[in-house]
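Structure first, then comments.
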There are 2 protein chains.
Amino acid sequence: MSATVDKVLDAAEGAMRARGYHAVSFRELADDIGIKSSSVHYHFPQKDDLGVALIERYSKRVLAELNRRSEESKNPNDRLDAFIDVYREALVNTDSVCLCVMLGAESRGLPDNVSNAVADFFDANIGWLANILPTTLSKKARRNKAASVLATLQGAMMMAATLKDTGLFDAIVKELRAAHRQS
Amino acid sequence: MSATVDKVLDAAEGAMRARGYHAVSFRELADDIGIKSSSVHYHFPQKDDLGVALIERYSKRVLAELNRRSEESKNPNDRLDAFIDVYREALVNTDSVCLCVMLGAESRGLPDNVSNAVADFFDANIGWLANILPTTLSKKARRNKAASVLATLQGAMMMAATLKDTGLFDAIVKELRAAHRQS
DNA sequence: GTCTATAATTTGATAGAC
DNA sequence: GTCTATCAAATTATAGAC
């Protein structure tokens with residue numbers, strides 16, 4: 001993958017996480033990294049090509065980070081903490097929501113391939129989380145619990161960003177940890 | 001409030017809940033209700049005027065609905081159910097997320113007055129919810145619990161809409177009810 | 001791979017007639 | 001209060017030179 005492609009995706013990720021898909025233009029991204037918009041089109045012919053590539057890179061990065069951290073401990077509680085921490089750092093380090101909170105909210109207004117990539121991101125995250133939940137639960141129950149944890153995190157990111165209050169995210173997460181701690 | 005103003009706001013609500021603030025244009029709203037975009041500008045000179053008016057109308061409507069339903073019972077569990085039902089119906093009836101999930105995600109890319117109106121919506125909802133939580137808890141603890149419930153609902157709406165799976169919303173809500181039921 | 005140049009469309013917004 | 005007409009700017013996207 002070329003250096004320019006990564007620069008474009010970096011710029012696109014920052015912009016789309018802050019303002020959404022439709023509020024980001026090829027020209028803006030090009031200006032950000034010091035090239036022309038036609039050069040961006042060389043790498044991503046259409047905007048949805050950029051959107052899909054962005055989500056796929058983001059998704060891979062998040063899952064790799066989750067797997068890396070979960071190798072540090074096999075304890076389910078530690079792994080839940082790792083999951084939460086990955087999301088927390090995404091909020092704190094970038095001062096913006098998860099890419100897929102934004103694109104998930106906008107999904108009905110996105111090209112189908114972009115919207116599907118967002119759905120895949122959620123499925124993958126739910127699957128990851130479901131795997132660390134107690135095997136005493138049914139597969140469906142684990143999936144539902146996993147979806148519940150993810151929904152709370154995503155909602156908490158969105159509200160904390162809107163209210164400009166990271167402490168609110170932490171307070172919500174504290175309850176989440178307590179509720180899902182396994183003994 | 002004139003009939004046209006309401007028609008514009010109706011069209012704007014449907015469009016912005018589906019696709020977001022930046023993906024909605026004056027011309028589109030005008031076409032929807034059979035007038036010209038300059039007539040929309042007569043009622044809302046700038047786009048942020050429209051945004052603020054839309055959120056304020058939405059916020060009043062949601063809070064009125066919450067209050068109306070909560071008059072049916074003084075039982076805290078019933079009132080929590082009423083809160084959840086209001087959000088569930090918003091999802092099911094319109095097949096789209098809460099206006100403030102969308103605008104909350106986009107908030108960093110919105111004009112300040114619009115972004116502030118979204119924040120006010122969340123504050124009002126958190127306040128409403130906090131009021132039905134056990135008075136044995138501290139004020140801060142109630143606020144945090146209320147924010148947690150709201151975050152889960154908003155996140156669940158967003159994910160259910162993206163995955164086109166209302167059942168997922170229901171499954172998440174089932175856990176939420178169980179976790180917050182007072183005996 | 002990046003550039004200049006440009007096409008075709010859409011956008012938010014305004015002036016002024018009725 | 002709605003219209004016609006229009007503007008300046010921005011948007012996605014393409015053709016073709018280097």
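Worth saying up front: this structure is predicted, and the values here are computed from it rather than measured. Chain identifiers are assigned alphabetically (A, B, ...) following the order of the sequence lines, protein sequences preceding nucleic acid strands; residue numbering begins at 1 within each chain.
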For residues 82-94 of chain A, pull every pair meeting salt bridge (Lys or Arg N to Asp or Glu O under 4.0 Å), keeping only residues two or more places apart or in separate chains.
-> A:Arg69-A:Glu89, A:Asp85-A:Arg177, A:Arg88-A:Asp170
Flag the pair B:Glu13 and B:Arg61 as a salt bridge only when some basic side-chain nitrogen lies within less than 4.0 angstrom of an acidic carboxylate oxygen.
-> yes
Residue pairs meeting salt bridge (Lys or Arg N to Asp or Glu O under 4.0 Å), one or both in residues 20-30 of chain A, sequence neighbours left out, come to A:Arg19-A:Glu28
Who pairs with B:Phe169 by ring-ring contact (aromatic ring centres under 6.0 Å, His included), at least two apart in sequence or on another chain?
-> none
Quick one, which residues of residues 18-26 of chain A touch DNA chain D with a heavy atom under 4.0 Å?
-> A:Val24, A:Ser25, A:Phe26
Tell me which donor-acceptor pairs under 3.5 Å the side chains of residues 136-162 of chain B have, and how far apart each pair is, sequence neighbours excluded?
unit_1, atom_1, unit_2, atom_2, d
B:Ser138, OG, B:Ala141, N, 3.0
B:Thr152, OG1, A:Thr152, OG1, 2.7
B:Thr152, OG1, B:Ser148, O, 2.9
B:Thr162, OG1, A:Gly104, O, 3.1
B:Thr162, OG1, B:Met158, O, 2.9

Note: contacts of residues 37-53 of chain A with DNA chain C (heavy atom, under 4.0 Å) are A:Ser38, A:Ser39, A:Tyr42, A:His43
Contacts of B:Ser73 meeting side chain to side chain donor-acceptor pair (under 3.5 Å) (sequence neighbours excluded), chain-then-number -> B:Asp78
Let me check something: any side-chain donor-acceptor pairs from residues 31-50 of chain B under 3.5 Å, sequence neighbours excluded? List them with distances.
unit_1, atom_1, unit_2, atom_2, d
B:His41, ND1, B:Pro45, O, 2.9
B:Lys47, NZ, B:Tyr21, O, 2.8
B:Lys47, NZ, B:Val24, O, 2.8
B:Asp48, OD2, B:Asn113, ND2, 2.9
B:Asp49, OD2, B:Gln46, N, 2.9

Reading DNA chain C 5' to 3', which nucleotide is the first, and which the last, to come under 4.0 Å of any heavy atom in chain A?
-> C:dG1 to C:dT6
In short, ring-ring contact (aromatic ring centres under 6.0 Å, His included) pairs touching residues 74-112 of chain A with sequence neighbours left out are A:Phe83-A:Tyr87, A:Phe83-A:Trp128
Does A:Glu175 have any side chain to side chain donor-acceptor pair (under 3.5 Å) partners at least two apart in sequence or in another chain, and if so, which?
-> none
Which residue pairs pass the ring-ring contact (aromatic ring centres under 6.0 Å, His included) test when at least one of the two sits in residues 56-78 of chain B, sequence neighbours left out?
-> B:Tyr58-B:Phe121
